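Just so it is clear, the structure is predicted and the values come from calculations on it, not from any experiment.
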Amino acid sequence: MDPITIDKSAAVFVAGHRGLVGSAVVRKLTSLGYTNLLLRSHAELDLTSQSAVDAFFAEHKPQIVILAAAKVGGIHANNTYPADFITVNLQIQTNAISSAFKHKTLKLLFLGSSCIYPKFAPQPIPESALLTGPLEPTNEWYAIAKISGIKMCQALRIQHSFDAISAMPTNLYGPNDNFHPHNSHVLPALLRRFHEAKLSKLENVVVWGSGTPLREFLHVDDLADAIVFLLEKYSGLEHVNVGSGKEVSIKELAELVKEVVGYQGQIIWDSSKPDGTPRKLMDSSKLASLGWEPKITLKDGLADTYNWYLENVHS
């Protein structure tokens, strides 16, 4: 299948438009002049209901579908509610993908996560590492749902030539992130803790672990840019990794967050606490070879995210 040119007036359904990724996609499409975005909250359209999803597709016939809706959570949530994570995600993606095919959607992009890869995948992780080893046990329910989504898109392409593609982003951050004090990811958690320490004039902030693990982060606006790029330029069977290609140690990240927030105290590392995986980097050379690269530096992205936090979360 050849790359497509998307008409700016085409009906584009962004599933999960209120989330971290979906809201960034809406910002990007709006900035590019797209005029017919189909946006529905969970109250307006329950994606776990097959009949509701099919009725929506039958009525609105979206030409482009960006499937950013998912049930997500940290390790604690995944461990506590494994049935919810596999069931809800399978329902959402199966309903949306099958209805898109049935109602002749021109192109669909399914979004997964780097957790689809084996726990001990080679680093950086290439797309070919999928299904080559056991998953990380703490989020295998979510991962298996996402792998099923990739395989469903591939199966429809093989059997019916349906133009469904899949993108696997690395660790994301940015506006609309989850800044919950107990169940947010490392970057928003650090932003919140350093901000609160600054307000309370604390002399130090204790951070778990040694600070040595390496992580990769991508600003969600860069992901939104990559999504539009892939919709227009890529039509292939294999899923595509979307990462920044840059690693930062947790120690470097904490120092950068401290600088962006303007916290003056000390960082104390509690090395009695677990570090997690020593390194997690995606191989995004396939996407780079297609002609896309990220534009937002980590420091600029952190400053942007902190400003959003100040305006929207911390009052």
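Salt bridge status for E259 with K299: present, with a side-chain N to carboxylate O gap under 4.0 Å. Residues K295 and D222 are not paired through a salt bridge, judged by the lack of any N-O separation under 4.0 Å between the basic side chain and the carboxylate.
Counting only N and O atoms by type, the side chains of D54 and S51 include no donor and acceptor under 3.5 Å apart. Of the N and O atoms on the side chains of Y263 and K201, not one donor lies less than 3.5 Å from an acceptor on the other residue. The closest side-chain donor-acceptor pair between D275 and S210 falls under 3.5 angstrom. Side-chain contact, T277 with R215: no donor N or O sits under 3.5 Å from an acceptor N or O. If you check the side chains of Y306 and H195, you find a donor sitting under 3.5 Å from an acceptor. With hydrogens and angles left out, the side-chain atoms of S284 and N241 include no donor and acceptor closer than 3.5 Å.
When ring centroids are compared, H160 and F101 come within the 6.0 Å threshold.
Taking each heavy atom of C115 and A143 in turn, the nearest pair found is O-CB, 3.3 Å. Closest approach of A167 to L109, counting heavy atoms only: CB-CD2, 4.3 Å. In terms of heavy atoms, K146 sits closest to G112 at CD-CA, 3.8 Å. Residues W269 and I267 approach most closely at NE1-CG2, 3.5 Å, considering heavy atoms. Between Q123 and R279, the shortest heavy-atom contact is NE2-O, 3.3 Å. Between A24 and D221, the closest heavy-atom pair is CB-OD1, 3.6 Å.
Using cut-offs of 30° and 60° on the angle between ring planes, the pair F56 and H60 is tilted. Classified by interplanar angle (parallel below 30°, tilted 30° to 60°, perpendicular above 60°), the ring pair F57/H103 is parallel. Ring orientation note: the planes of F179 and Y309 are tilted relative to one another, at an angle of 30° to 60°.
When side chains are defined from C-beta on, W292 counts as touching D225, because their heavy atoms get closer than 4.5 Å. Using a 4.5 Å heavy-atom threshold, the side chains of S235 and R157 count as touching. Within the 4.5 Å cutoff, side-chain heavy atoms of L47 are placed close to those of L45. Taking the side chain as every heavy atom from C-beta outward, L108 and I165 never approach each other to under 4.5 Å. Under the 4.5 Å side-chain criterion, counting only non-hydrogen atoms from C-beta, S148 is in contact with L90.
A 6.0 Å sphere centred on CZ of F229 holds more than 12 heavy atoms belonging to other residues, nucleotides or ligands.
Rounding to the nearest 0.5 Å places NZ of K151 at 13.5 Å from CD1 of I144. The CG atom of L191 lies 9.5 Å from the CG atom of L256; values are rounded to the nearest 0.5 Å.
Under a 3.5 Å cut-off, the side chain of T105 and the backbone N or O of K107 do not form any donor-acceptor pair.
Because its NZ or CZ atom is not both nearer than 6.0 Å to the ring centre of F194 and within 45° of the ring axis, K258 does not count as a cation-pi partner of that residue.
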